[in-house]
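Here's the structure, in structure tokens; my notes come after.
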Amino acid sequence: MGGADESEPDSQPSVPLQNNSLIPHTVSAPPSDKLVPPKDKDVALARVELEKKLALIKAWEESEKIKAENRAYKRLSAIDSWENTRKASIQAQLMKLEEKMEKKKAEYGELMKNKIVGIHKQGEEKKATIEAERREQCLKVEETAAKYRASGFTPKTLLLRCFSG
């Protein structure tokens with residue numbers, strides 16, 4: 001039963017230990033009535049110890065990865081917060097500046113309208129002055145014409161030169 005099986009080398013992979021030496025891993029069913037020999041027991045304990053260490057290393061690795069991801073997320077969130085705060089500040093400054101510009105625009109618009117009204121008023125005053133001078137000249141001409149009619153003299157004006165020919 002077991003003579004041929006025991007002489008064949010085991011094709012199972014070796015299990016690395018902590019000091020990086022390899023111990024051949026053999027799987028054999030222990031006899032049910034006999035105790036496990038001390039060598040197989042040491043190999044099994046070494047394997048269990050190795051699996052425990054590997055599990056602890058894997059848990060540590062996962063924990064460190066999660067910590068790194070959390071730190072990166074926290075830093076990214078801080079940058080997003082900083083960016084949003086700066087944007088809001090700049091937008092507030094822009095709105096303030098726009099309001100100030102609108103106010104100045106309204107003030108200058110009002111100033112220009114007042115200037116236009118002033119110019120119109122000056123124009124009306126000048127027109128009224130010219131109209132008054134024209135009426136005054138017309139009255140003088142009418143008075144002079146009345147004197148000429150009363151005296152019978154003819155005026156010496158450009159008009160006579162035009163008709164005299």
Side-chain angles (χ1 to χ4, degrees), residues 11-25 27 42-165:
S11 62
Q12 296 276 335
S14 300
V15 177
L17 287 178
Q18 183 178 8
N19 61 3
N20 292 333
S21 65
L22 297 176
I23 297 177
H25 176 66
V27 179
D42 290 340
V43 170
L45 286 174
R47 187 178 67 228
V48 168
E49 189 67 28
L50 177 66
E51 288 174 358
K52 181 180 175 184
K53 287 180 182 180
L54 292 176
L56 288 173
I57 291 170
K58 186 174 183 179
W60 173 85
E61 179 184 16
E62 291 296 319
S63 173
E64 291 300 312
K65 284 181 180 178
I66 289 171
K67 285 179 187 177
E69 287 176 8
N70 288 342
R71 279 191 299 269
Y73 178 77
K74 185 177 179 181
R75 290 173 67 195
L76 289 173
S77 295
I79 290 171
D80 285 342
S81 175
W82 171 82
E83 182 181 357
N84 290 337
T85 302
R86 295 289 294 175
K87 283 181 183 178
S89 173
I90 296 298
Q91 286 176 346
Q93 289 176 358
L94 178 63
M95 291 196 48
K96 222 182 232 187
L97 186 61
E98 285 175 350
E99 288 174 7
K100 186 177 178 180
M101 297 299 278
E102 286 294 324
K103 185 177 178 182
K104 282 195 177 226
K105 181 181 175 183
E107 288 173 0
Y108 283 123
E110 189 67 30
L111 183 65
M112 294 301 127
K113 286 180 184 178
N114 290 342
K115 283 185 177 181
I116 290 171
V117 168
I119 290 170
H120 181 70
K121 183 179 176 182
Q122 288 176 347
E124 290 296 321
E125 288 173 357
K126 287 181 180 184
K127 287 177 185 177
T129 303
I130 291 172
E131 186 65 29
E133 288 175 2
R134 183 189 64 83
R135 285 188 206 132
E136 189 177 312
Q137 287 177 354
C138 285
L139 285 175
K140 284 183 182 179
V141 167
E142 287 176 4
E143 289 175 5
T144 308
K147 285 182 187 178
Y148 283 131
R149 284 187 198 108
S151 65
F153 291 109
T154 57
K156 298 177 182 176
T157 62
L158 207 76
L159 199 58
L160 290 175
R161 292 183 195 146
C162 289
F163 290 125
S164 61

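Note that the structure is a prediction, hence the values are computed from the model and not measured.
For residues 129-139, the set of pairs meeting the side-chain hydrogen bond (donor to acceptor under 3.5 Å, both in side chains) definition, not counting sequence neighbours, comprises Glu131-Arg134. Listed by first and then second residue, the side-chain hydrogen bond (donor to acceptor under 3.5 Å, both in side chains) pairs involving residues 90-104 amount to none (not counting sequence neighbours).
In Met112, the CE atom is crowded: over 12 heavy atoms of neighbouring residues, nucleotides or ligands sit closer than 6.0 Å.
In this structure, Leu56 and Lys53 have side chains that are not in contact, with every pair of non-hydrogen atoms separated by 4.5 Å or more. In this structure, Tyr73 and Leu76 have side chains that are not in contact, with every pair of non-hydrogen atoms separated by 4.5 Å or more.
Expressed to the nearest 0.5 Å, how far CZ of Arg75 lies from CH2 of Trp82 amounts to 14.0 Å. With rounding to the nearest 0.5 angstrom, the CG atom of Leu50 is 12.5 Å from the CG atom of Leu45. For the atom pair CD1 (Ile90) and CG (Leu94), the distance works out to 9.0 Å, reported to the nearest 0.5 Å. For the atom pair NZ (Lys121) and CG (Asn114), the distance works out to 11.5 Å, reported to the nearest 0.5 Å. In this structure, the separation between CD1 on Ile66 and CD on Glu62 is 6.0 Å, given to the nearest 0.5 Å. Atom CG in Leu54 sits 10.5 Å away from atom CD in Glu49 (nearest 0.5 Å).
Here Lys65 pairs with Glu61 under the salt bridge (Lys or Arg N to Asp or Glu O under 4.0 Å) rule; sequence neighbours left out. For Arg71, the side-chain contact (heavy atoms from CB on, under 4.5 Å) partners are Lys67, Ala68, not counting sequence neighbours. Under the side-chain contact (heavy atoms from CB on, under 4.5 Å) criterion, Glu124 pairs with His120, Lys127, not counting sequence neighbours. Scanning for side chain to side chain donor-acceptor pair (under 3.5 Å) contacts around Lys87 gives Glu83, with sequence neighbours left out.
Under a 3.5 Å cut-off, the side chain of Thr85 and the backbone N or O of Ser81 do form a donor-acceptor pair.
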